[in-house]
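Note that these values count all heavy atoms, side chains included, but never hydrogens, waters or copies made by symmetry. Remember, it's a predicted structure, so these values are computed and weren't measured experimentally. Quick note: residue numbers are just sequence positions, from 1.
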Amino acid sequence: MKSALLFCLAGLVLATGCTSPAETPSAEAQPAKAQETPIVPDIEQRLAKFSPTPLEADLSSLSAEDRKVLDLLVQASQYMNEIFLRQVWAGNPALREEMKSWNGKDAEAARQYYSLNFGPWDRLDAFKPFIGTQAHPEGAGYYPEDMTKQEFEAWVAKHPADKDAFLSGTTVIRREGGNLKAVPYSQAYKEQLQPAAKLLREAAAATSNASLKKFLELRAKAFETDDYFDSDMAWMDLDAPVEVTIGPYETYEDGLFG
């Protein structure tokens with residue numbers, strides 16, 4: 001089962017939800033044009049089920065040092081959003097870019113609902129598409145869309161040396177020619193994990209809390225090595241005004257094996 005890269009942050013006076021919605025695409029990023037991809041006719045009614053709710057917290061008890069650390073961690077969290085978007089579906093970034101130029105009465109509602117759902121499938125309606133007609137891939141963005149569970153298991157049975165990598169919670173499976181290949185998160189999401197690791201190291205340098213410093217340094221290293229054991233152990237010992245959970249945890253997005 002593959003793990004989604006998520007972010008949660010908690011403190012004595014602070015709590016933010018795991019993985020806030022993906023960045024809402026701007027309709028002004030490209031010249032407006034008619035969009036041909038169908039949108040469900042009740043998209044406005046679906047969007048109306050959600051009520052925008054500001055999340056506020058009293059940060060007055062945090063020191064200037066803790067506020068600086070907090071700011072760096074929130075910046076790192078934005079990269080987790082981008083990774084999760086790709087883990088939901090490999091085609092998400094391209095669709096998000098395409099949607100920027102859509103116009104028409106339902107275009108903005110579709111963009112907002114896409115942002116809420118991290119993709120074109122309605123999580124309140126059994127992952128049925130509300131944009132386009134493509135069925136939700138059972139393996140999300142972790143596996144080739146046309147790969148079956150039987151193909152995966154047959155490959156592992158025929159190539160036992162690949163078993164550990166294929167079953168790892170921190171690899172994605174890709175096709176290379178006619179073969180299947182396990183790609184570690186550190187490579188598949190290098191564009192996001194490297195700057196996130198840099199921000200964690202900056203946060204580690206900014207804090208005087210030894211337990212938080214140790215965790216952040218080890219978690220930054222894990223983003224580059226895919227070995228999360230030491231940083232998980234350091235998280236167990238964490239005792240700081242700001243407590244962060246950032247990394248690969250939940251497996252519910254993997255419909256094939258999760």
Side-chain angles (χ1 to χ4, degrees), residues 3-29 39-64 66-89 92-93 95-97 99-100 102-132 136 140-141 192 196 199-200 203 235 238 240-253 258:
S3 301
L5 277 152
L6 303 177
F7 170 85
C8 298
L9 187 64
L12 296 178
V13 295
L14 177 68
T16 68
C18 304
T19 63
S20 57
E23 175 188 355
T24 302
S26 169
E28 300 177 357
I39 300 170
V40 292
D42 65 339
I43 188 67
E44 293 279 2
Q45 290 89 337
R46 298 189 191 204
L47 184 60
K49 295 178 182 179
F50 292 83
S51 177
T53 304
L55 296 179
E56 300 176 350
D58 179 5
L59 305 181
S60 61
S61 66
L62 295 181
S63 67
D66 292 332
R67 289 290 297 271
K68 181 178 180 179
V69 171
L70 180 60
D71 179 63
L72 290 165
L73 294 177
V74 170
Q75 290 181 53
S77 78
Q78 301 310 308
Y79 290 102
M80 301 302 105
N81 277 346
E82 287 300 309
I83 293 172
F84 184 61
L85 191 75
R86 289 153 175 78
Q87 291 182 320
V88 171
W89 180 42
N92 260 331
L95 177 59
R96 182 176 63 180
E97 190 65 23
M99 291 173 66
K100 291 179 181 180
W102 289 2
N103 59 14
K105 68 181 184 66
D106 292 331
E108 181 57 28
R111 281 189 285 267
Q112 291 184 40
Y113 207 58
Y114 168 92
S115 180
L116 288 170
N117 284 276
F118 273 84
W121 298 282
D122 196 332
R123 292 175 181 267
L124 297 183
D125 189 22
F127 278 95
K128 295 177 184 177
F130 60 89
I131 295 173
H136 179 258
Q192 293 80 33
L199 286 163
L200 293 191
W235 183 85
L238 196 57
V242 175
E243 181 179 308
V244 60
T245 301
I246 184 169
Y249 295 106
E250 304 293 347
T251 61
Y252 51 78
E253 209 69 29

> Are any side-chain N or O atoms of Asp122 and backbone N or O atoms of Lys128, one a donor and one an acceptor, separated by less than 3.5 Å?
no
> Does the side chain of Leu47 reach to within under 4.5 Å of the side chain of Leu116, using non-hydrogen atoms?
yes
> Examine distances only and state if a side-chain atom of Ser51 and a backbone atom of Lys49 form a donor-acceptor pair shorter than 3.5 Å.
no
> Pick from Tyr249, Phe118, Trp89, Tyr252: which one makes a ring-ring contact (aromatic ring centres under 6.0 Å, His included) with Phe84?
Phe118
> Over all heavy atoms of both residues, which pair between Ser3 and Thr251 is shortest? Give the atoms and the distance, please.
OG-CG2, 3.8 Å
> Distance-only, no hydrogens or angles: does the Asp58 side chain make a donor-acceptor pair with backbone N or O of Ser60 under 3.5 Å?
yes
> First locate atom OG of Ser115, then atom CG of Asn81, and finally report the distance between them rounded to the nearest 0.5 Å.
9.0 Å
> Please work out which of the three classes, parallel, tilted or perpendicular, describes the rings of His136 and Phe127, given edges at 30° and 60°.
tilted
> Short question: side chain of Arg46, backbone of Val40 - any donor-acceptor pair under 3.5 Å?
no
> Can you tell me how far the NZ atom of Lys100 sits from the CG atom of Leu95, to the nearest 0.5 Å?
11.5 Å
> Tell me, do Met80 and Ile246 make a side-chain contact under 4.5 Å, heavy atoms counted?
yes
> To the nearest 0.5 Å, how far apart are CH2 in Trp235 and OG1 in Thr245?
5.0 Å
> Provide the closest heavy-atom pair for Gly119 versus Asn92 in the form atom of the first, atom of the second, distance.
CA-OD1, 3.4 Å
> Would you call Arg123-Glu253 a salt bridge at under 4.0 Å N-O?
yes
> Assess the residue pair Leu59 and Leu70 against the criterion (side-chain contact (heavy atoms from CB on, under 4.5 Å)); give the C-alpha distance rounded to whole Å, side-chain angles, the decisive distance to 0.1 Å, and a yes or no.
CA-CA 10 Å; Leu59 305 181; Leu70 180 60; 4.3 Å; yes
> Which atoms form the tightest heavy-atom contact between Gln87 and Ala140, and what is the distance?
O-CB, 3.3 Å
> Please name the pair of heavy atoms, one in Leu73 and one in Ala203, separated by the smallest distance, quoted to 0.1 Å.
CD2-CB, 4.1 Å
> Is a donor on one side and an acceptor on the other found under 3.5 Å between the side chain of Trp121 and the backbone of Ile131?
no
> Does Asp125 form a side-chain contact (heavy atoms from CB on, under 4.5 Å) with Phe130? I'd like the steps, not just the answer.
CA-CA 9 Å; Asp125 189 22; Phe130 60 89; over 6 Å; no
> Between the side chain of Tyr113 and the main-chain N/O of Glu44, is any donor-acceptor distance below 3.5 Å?
no
> Heavy-atom distance under 4.5 Å between the side chains of Leu62 and Pro241, does that happen here?
yes
> Work out which heavy atom in Arg111 is nearest to a heavy atom in Trp102; give both atom names and the distance.
NH1-O, 3.1 Å
> List the steps and the verdict of side-chain contact (heavy atoms from CB on, under 4.5 Å) for Val88 and Asn117.
CA-CA 10 Å; Val88 171; Asn117 284 276; over 6 Å; no
> Answer with yes or no whether the side chains of Gln78 and Glu82 bring together a donor and an acceptor at under 3.5 Å.
no
